Amino acid sequence: MAYLQGCYPLVGKEQLTAGIYSYTVSCPEIVSQAVPGQFVHVRVDGFSLRRPISICGIDTENGLLRMVFEVRGKGTEALAQLVPGQKIDLLGPLGNGFTPPAGQQVVLVGGGIGVPPLLELAARAGDRATAILGFRTASAVILAEDFRAHSCDLRLATDDGSEGYHGFVTGLLEERLAEGAPGMVCACGPMAMLKGVVEIAEAHGVPTQVSLEERMGCGVGACLVCACKTVRDGREVFTHVCKDGPVFDGKEVVFA
Amino acid sequence: MAYLQGCYPLVGKEQLTAGIYSYTVSCPEIVSQAVPGQFVHVRVDGFSLRRPISICGIDTENGLLRMVFEVRGKGTEALAQLVPGQKIDLLGPLGNGFTPPAGQQVVLVGGGIGVPPLLELAARAGDRATAILGFRTASAVILAEDFRAHSCDLRLATDDGSEGYHGFVTGLLEERLAEGAPGMVCACGPMAMLKGVVEIAEAHGVPTQVSLEERMGCGVGACLVCACKTVRDGREVFTHVCKDGPVFDGKEVVFA
Amino acid sequence: MSRLEVNLAGVTLKNPVITASGCCGYGREYDKLYPIERLGGISVKGTTLQERQGNPPCRIAETPSGMLNSVGLQNPGVEAFLQNELPHLKSRDVAVIANVAGSTVEEYCAIAERLDGSGIDLLEVNISCPNVKEGGAAFGTSCTSAAEVVAQMRRRTSKPMMVKLSPNVTDIVSIARAVEDAGADAVSLINTLLGMRIDLKTRRPVLHNNVGGLSGPAVFPVAVRMVWQVAGAVKIPVVGMGGISCWQDAIEMMLAGARAVQIGAALFADPYTPVKVVEGIDAWLEQNGISDVNEIVGAVRPW
Amino acid sequence: MSRLEVNLAGVTLKNPVITASGCCGYGREYDKLYPIERLGGISVKGTTLQERQGNPPCRIAETPSGMLNSVGLQNPGVEAFLQNELPHLKSRDVAVIANVAGSTVEEYCAIAERLDGSGIDLLEVNISCPNVKEGGAAFGTSCTSAAEVVAQMRRRTSKPMMVKLSPNVTDIVSIARAVEDAGADAVSLINTLLGMRIDLKTRRPVLHNNVGGLSGPAVFPVAVRMVWQVAGAVKIPVVGMGGISCWQDAIEMMLAGARAVQIGAALFADPYTPVKVVEGIDAWLEQNGISDVNEIVGAVRPW
Ligand SMILES: Cc1cc2nc3c(=O)[nH]c(=O)nc-3n(C[C@H](O)[C@H](O)[C@H](O)COP(=O)(O)OP(=O)(O)OC[C@H]3O[C@@H](n4cnc5c(N)ncnc54)[C@H](O)[C@@H]3O)c2cc1C
Ligand SMILES: Cc1cc2nc3c(=O)[nH]c(=O)nc-3n(C[C@H](O)[C@H](O)[C@H](O)COP(=O)(O)OP(=O)(O)OC[C@H]3O[C@@H](n4cnc5c(N)ncnc54)[C@H](O)[C@@H]3O)c2cc1C
Ligand SMILES: Cc1cc2nc3c(=O)[nH]c(=O)nc-3n(C[C@H](O)[C@H](O)[C@H](O)COP(=O)(O)O)c2cc1C
Ligand SMILES: Cc1cc2nc3c(=O)[nH]c(=O)nc-3n(C[C@H](O)[C@H](O)[C@H](O)COP(=O)(O)O)c2cc1C
Ligand code: FES
Ligand code: FES
């Protein structure tokens, strides 16, 4: 798979909720290669390492790439200062995306800032998708309208019950699977959530794909820093999130 | 002497000639303390050391400080990217200024980017000042109009004769001193020029003050990196440009 | 007692923030921006027995997130320090740390003796200056010579002695242990890493001394590592420095094992750094409900 | 002959720019951006006798103008290298440098022997990896053990041997001399400086290995200094690395005495760095009327 590096104009910026921004970048070359679940590696002025951010939207027609990120530390804070018109240095698209079986139902499970990578999947699956999205509280909910716009079956959960289901996404997932088995569950979010999702789906005999996070150097498989423990050919080995992932078969992942 | 540190708005930016910029900064607190010949220590984003830049104009009434700088390396290049409205982190006013004897004639000798620190002296001396300014070539001439506006006796020299006197400022200085001795010669420019100026002035029995350059750390006398060899109490010692200078009695300076 | 107070070899510092030797002169310059009482302590310019002129300029070079210096211990000598500088420092409520260096063991001892009866609070024995030909780092790079200097000085002074270690060594832990065994009351680290820059146009080293000492944020991870290693190996307090430029860095250094921190190069970019660090640590302690800064010293939990 | 060509221990490099071990895998990844033929050479990931899994994550931490890594020599082992990686590398017009490491002298020798008949151009003997418990830097921090490894390997291979030195030593010059005397055909330096970062929130080291190797622009001045010292002390060619991020840095390193340069961490910020460095050096030679890049090697004029 080919990837590119370049400086591309930021054409749209929107704050979704406190500390979370949606950026639209015009980068037709990257967009034309991208699939849902891949990421771009973003250079931020003044920082030695790039920041990996998942691809949230792929608008091939207009060559626009969307990414949604949360301010977590100094790098994302600096990234959030950009204004439309400025350029942004991207390396991508990188890694392997989600590959839900064509034409079948798919359940998307996202937690917090793990939600954005699922949006483009929803866009492609339309009403075959159930999107189970969990957030801390009502004010932290993002992208709900976007998922609805893609006519998926949207089910919200909040930890504090301030919106939708009161509890974790795993509860909603149990409910959904009880209604019938989809072709796959695709998930992104905190490790604890992913572990629960994989366990539940496996109990229902449904295959899973999960998107993992690890700190990165190169982003392309050259430096081996982004190790994550997975089972390959029956033994536990360190594979690499940037190259072998970020999307892994849920069965392969060794949850600590 | 007190100095300050703060972030002040850049209110005016002008390119004087290729690679040379005039910045006007609104910093009433610094301006109210400043005297001609002092400098400010300028922080540039992304660089660990500040850049010393001489004070070129002091507008006490409006609280405006002017500085004129040339792009020489990466730091001044970055400094030149600022746009009016942005803030600039200044430490100043620092060092000792020129102290020509009050009410007497003064000759100002400047070479290239050594010219700006003399402008405020000209402003204060008015028609008591002769300004002898040397440049490489006509297109490198800066601030001539500003000196004229202060009604001093302006005499230009260019190395290639493309404007004014064909030759070095030292030639013009000889001419000027032949016309009669001023109270002092104040000079700023390359070391070779300063050496010539001091020799000529001494030969005419005229006291001199020269502004020196050396690479700086703190800018305030705390780190001792900006050493320059001077004669104090009859022996050669390393004094410090930022604290003991940048303006020194010409007789004190040990020209290599 | 304030939650910021720390004890360093018997000396009480009102907060754990000290300005590093060579970066704040004798305290007069930054005192014009803020009263030096805001600091826990001040480590003065490296002082020798006799006046020293230091190295010829250029003495400074910029590097990515750091700088090189090759001042070479320019200072007026111990007598001038006692006469012209110590009185004004003593009149202020701040711990005075006398950073001293010699070319020979005898010189180190003579300075120790001369300062013994003085008003200084703590001796900082610089056996790690990379910018002088004789003495300096030569003493700091071998356990035997480091211990020798300290043992000899120990006999000449009753002042608490903090030994400043060089990072330019294979095994800083054994040097720390050697000086502890020889009678040091504390260690401070790191001094600068030896570095070099070359000007492409002139093809000459930027520094007239060819090489110089690297400091500033660039060296911070090396300093944290060394402080962690040394703090785990000695019983005496460790003072951490090297690249600290914000309160987060200071807390990181304390978690690694530093009882107090020193701040050098960061002063040049932002002279208010030490004050901001004091305030930042205090606010962080408040937010985290920690009533005594000493609780975080060495509190890192390694994997 | 191109003005960029250099000779490294008998191996001709079409230009003096090599991608550093551990930062470019086995050449497959960056080949997707530009043909690896643009490079003078590629130093592959540190390879051991047997497969190694490396250290648990987290393996990377950001630092001011640099980064720490604690990969710990994850690699598929020498057989897998020969079978799966070397063939595609040999099919390309680029010098292949096999970076190798062992836990024991015997392992170093076994790898040397195994690679002797292979298509690699040069062995780079890594006696300086700070991220493994056994072997690694342990060999690189003493003259005797460094010389021992090299002397033993020398008997098992006819490939030119470049020894990669650790900067975490008091005296890199004597180690360079020791490996030269033991039969090294070149030295490369620097490997990473040992560093540490701590997370304030968790109070744990960022790296699961607690400490890791510092590289990137932050270490550049240290690398230039060491290259200058070593180049002045040995007769074999020196390959310089550590913090090179632009062509100016590469030229500075060459002026200090490097016959060729390696580029590591800079790849992560800008994967095109090596290509830009090749082009930048070429343009600078052109502008300065220099017809052979070898002219600038060691051309610094110290004060
Ligand atoms: C494949 C992948 C996709 C991601 N997609 C998104 C996304 O779509 N939206 C979003 O908000 N976040 C995403 N993240 C997380 C995002 O990369 C981190 O939040 C970000 O790097 C933090 O940078 P910082 O400068 O704010 O934090 P700092 O703590 O200052 O960063 C220090 C270093 O740690 C790294 N780091 C810190 N946290 C993480 C983390 N969770 N994952 C990886 N590296 C980290 C940084 O990249 C940097 O190198 C993704 C991570 C990965 C691995
Ligand atoms: C007291 C004083 C007053 C000055 N006034 C002016 C002025 O009014 N206008 C103007 O254009 N220039 C002035 N200079 C020179 C100016 O400071 C340098 O041109 C500038 O620092 C170069 O920075 P750079 O990032 O472009 O160069 P770089 O080469 O990237 O700088 C690297 C380092 O060297 C230092 N440095 C490089 N050249 C000089 C120099 N000539 N003097 C001091 N430090 C240097 C830089 O400050 C920096 O720390 C003055 C210098 C001094 C000491
Ligand atoms: C300009 C300068 C001068 C210094 N002079 C001394 C000195 O005289 N004695 C000493 O022990 N350390 C000296 N140092 C080292 C500092 O005290 C400190 O150990 C080092 O700079 C690391 O801290 P930093 O990164 O905060 O600067 C000097 C450092 C600088 C930058
Ligand atoms: C992620 C990473 C992995 C590395 N792995 C190796 C290795 O396997 N063998 C080795 O000799 N050096 C290794 N190094 C060190 C580099 O080859 C190089 O010596 C060092 O990073 C300094 O160069 P730089 O500043 O350009 O990165 C590694 C460096 C990094 C950043
Ligand atoms: S980030 Fe380099 S291999 Fe994954
Ligand atoms: S720059 Fe620090 S003393 Fe002059």
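Nothing here was measured: the structure is a model prediction, and the numbers come from that model.
Contact tally against chain D (heavy-atom pairs below 4.5 Å) for G66(C), P205(C), S166(C): the top residue is P205(C). Annotation: maximal heavy-atom pairing with chain C below 4.5 Å, among M196(D), Q229(D), M253(D), occurs at M196(D). For chain D, the option among N210(C), V219(C), L193(C) with the highest count of heavy-atom pairs below 4.5 Å is N210(C). Counting heavy-atom pairs closer than 4.5 Å to chain C, the top residue among V169(D), V224(D), T63(D) is V169(D).
Contact annotation for L68(C): only side-chain heavy atoms (C-beta onward) come within less than 4.5 Å of a heavy atom of chain D. Proximity to chain D (any heavy atom under 4.5 Å) is shown, for V300(C), by both the backbone and the side chain. For L255(D), the parts lying near chain C are the backbone and the side chain together; criterion is any non-hydrogen pair under 4.5 Å. If you measure heavy-atom distances from T202(D) to chain C, the contacts under 4.5 Å come from the backbone alone. Using a 4.5 Å cut-off between heavy atoms, L194(D) contacts chain C through both its backbone and its side chain. Contact of V222(D) with chain C is made through backbone and side chain together, with heavy-atom distances under 4.5 Å. Contacts of T141(C) with chain D are made by both backbone and side-chain atoms, with heavy-atom separations under 4.5 Å.
Contacts between residues 278-290 of chain C and chain D, counted as heavy-atom pairs separated by less than 4.5 Å, involve W284(C), I290(C).
Interatomic distance, R225(C) CZ to L207(D) CG, rounded to the nearest 0.5 Å: 13.0 Å. From N168(D), atom CG reaches atom CD1 of I172(C) across 11.5 Å, with rounding to the nearest 0.5 Å. In this structure, CE in M254(D) is found 12.0 Å from CD1 in I198(C), a value given to the nearest 0.5 Å.
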Could you pull out every donor-acceptor pair under 3.5 Å between side chains of residues 259-269 of chain D and any protein atom, sequence neighbours left out?
unit_1  : atom_1 : unit_2  : atom_2 : d
R259(D) : NH1    : N7(D)   : O      : 3.3
Q262(D) : NE2    : E124(D) : OE2    : 3.1

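Contact record, A218(C) with L214(D): O-CD2, 3.9 Å, taken as the closest heavy-atom pair.
R204(D) places a side-chain N or O within donor-acceptor distance of the main-chain N or O of R301(C), the cut-off being under 3.5 Å.
For D249(C), the side-chain hydrogen bond (donor to acceptor under 3.5 Å, both in side chains) partners two or more places apart in sequence, or in a different chain, are S245(C).
Sorted by first and then second residue, the pairs that involve residues 200-224 of chain D and meet ring pair (Phe, Tyr, Trp, His ring centres under 6.0 Å), not counting sequence neighbours, are W303(C)-H208(D).
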Query raised in the report: Going through the checks in order, is the side chain to side chain contact (heavy atoms under 4.5 Å, CB included) test met by R203(C) and I296(D)?
Result: CA-CA 9 Å; R203(C) 297 192 182 181; I296(D) 68 166; 3.9 Å; yes

